Amino acid sequence: MSVDKASSVDDEDRKKNRYHFDRHTPEYREKFESITQDMHARCPIAWSDTYGGHWVAAGASEVFELARSSDKVSNDHDVKGERRGYQGIMIPPQPRAKGSRGGFLEMDPPEQRYYRQALNPYLSPAAINRWIPFIDEVVRACIDEKIESGSIDFVDDLANVVPAVFTLAMMGIPLKNWEIYNEPTHAAVYTPPNSPDIVRVGKLHQAMREDLARQLAEIKANPRPGLVDALARFEIDGEQPPDDELLGVLGLIIGGGFDTTTALTAHALEWLSQHPDERARLSRERDSLLDSATEEFLRFYTPAPGDGRTISQDCEMAGTEFKEGDRLWLSWAMANRDASVFPEPNTIDLARKGNRHYAFGIGIHRCIGSNVARTVFKRMLIQVLDRIPDYHCDPEGAVHYDTIGVIQGMRKLPADFTPGSPLGPGLDETLEVLQRSCDEQRLAEPVTSRKTEARIAR
Amino acid sequence: MKVQVDEARCQGHTLCAMIAPHVFELDDVDGHSSPISADVPAGAEDKVREAAGSCPEQAISIS
Ligand code: SF4
């Protein structure tokens, strides 16, 4: 009897709750509700043999416990093999991400905390509120581009543009560069590795990374305010991290800032088109409903459906015996449908109370951009409700991502509406005006040095 | 009624201040919450209960 045999018997026992879990298949998207129900009922934590074998936490209380145990559950991505070789938050590891760490989402404290402390003053609720006039002006220009025609693609013409432009503004990157960043960021998520388009997307991605490196070098040489500057000046124990580490953080900000808010907005607009009475009610009662509706769309559509982790010590948590090095998938999306926390979890209730959802993750890695996402989403939604209240999405034209393993997103959402009149200039001219406001008022300063709201000339 | 936010648990999700803006204030720099006063103002009890039930980190306690 070898020791190996004994431990494999042990292994069988601790992995007795098994579920074949493959979130990267179209089937997972199609059967999401029944798979979720099944897992909640039979195995809120399950072992799956897929992708080299990993745990899947689907139940709300299990996800709650595991996500908040950062002493035993690691986010580290040890790309250079300097520590314990952990693989970060992607299951399976993404080929594109080989050799680069995904910013502080793939770090553990204290390093992770230092980065967040450096960036929080740019992203706190008070910091984001200062930008509302800026955001409103970008939304206005996007709608004005289309309002006379009576048709819009909510993804291409609105929900892609606003988060991209605003993220660049906060970073201190020229607004006119938004197109360099926009397509590769979204396409990298929805283009499968075997697609004929992958070479083109790879090139766009490369061009984006080059621009980002250029911006970092430029800002290091000639500081201008923004998140890039915060990183250019960032030190841990008196030492500057290498540029590839900083570029990983900038990549995280872009990846987090773009596709997720787009996904949330598109899904919400599609649902509101299918439920015109609810849309009218939301518009009418927005003072009391806008906040709760936003949280409910976040819960229901959970744009970032989960995160991978690595168990960092042998331990028992949530009734399961884990071994150091085990991989774990925390499913925010499935936890958000747990009936023990969210009554009637598969129904959208715009007035839902006690909605302590997991859409931004929980624990120390809570999405640092959550205030950005909420604010940008609400500002887009309000102007759509005010300016094109009778829009109707064409169900034939709507294109959802084939899989929801990485982002639960949409590629197209065309809609028609009664045409109206523009209120101001189009997008290009608006971005020039807004760039001047950014430069003159130093809008991208952290809230610790600028408290006042953006003033937008028009 | 008294209310407390456990600093070690709060991660700045901001739901409490969204629901009961007169009871919770958010730090300008990191968005973490603290009660404006440990004593819940009369009439705000229901909102505070709702906020406690809505905190994703379960960081709010009422006594
Ligand atoms: S809802 Fe909870 S985690 Fe969020 S700010 Fe309030 S107390 Fe903190």
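Chain A is the first sequence line, chain B the second, and so forth, proteins listed ahead of strands; every chain is numbered from 1. Computed from a predicted structure; not experimentally measured.
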For the student: nearest non-hydrogen atoms of [X] and [Y], plus distance:
X: B:S54; Y: A:N355; value: OG-N, 3.9 Å
X: A:R366; Y: B:Q11; value: NE-O, 2.8 Å
X: A:F64; Y: B:R9; value: CZ-NH2, 3.7 Å
X: A:V447; Y: B:V29; value: CG1-CA, 4.5 Å

- Message: With a 4.5 Å cut-off on side-chain heavy atoms, are A:K353 and B:I19 touching?
- Response: no
Heavy-atom neighbours of [X] [atom1] exceed 12 at 6.0 Å:
X: A:R455; atom1: CZ; answer: no
X: A:E344; atom1: CD; answer: no
X: B:Q4; atom1: CD; answer: no

Given a strict heavy-atom distance threshold of 4.5 Å, which part of [X] is in contact with chain B: side chain, backbone, both, or neither?
X: A:R352; value: neither
X: A:I364; value: both
X: A:Y122; value: neither
X: A:N371; value: side chain

- Query: Relative to chain A, which of B:D27, B:L26, B:L15 shows the most heavy atom pairs under 4.5 Å?
  - Reply: B:L15
- Item | Separation of B:D30 CG from A:I368 CD1 (nearest 0.5 Å) | 10.0 Å
- Query: Roughly how far, to the nearest 0.5 Å, is the CG atom of A:N120 from the CG atom of B:D28?
  - Reply: 12.0 Å
- Message: What verdict does the side chain to side chain contact (heavy atoms under 4.5 Å, CB included) test give for A:R374 and B:M18, after you've listed the backbone C-alpha separation in whole Å, the side-chain angles of each residue and the deciding distance to 0.1 Å?
- Response: CA-CA 12 Å; A:R374 285 191 174 103; B:M18 230 181 266; 3.6 Å; yes
- Note on the structure: Given A:E295, A:H357, A:Q117, A:H365, the one with more heavy-atom pairs under 4.5 angstrom with chain B than any other is A:E295
- Note on the structure: Most heavy-atom pairs under 4.5 Å with chain B, out of A:S292, A:P446, A:G363, belong to A:G363
- N/O donor-acceptor pair under 3.5 Å between A:S124 side chain and B:G31 backbone: no
- Item | B:R49 portion near chain A, given a 4.5 angstrom heavy-atom threshold | neither
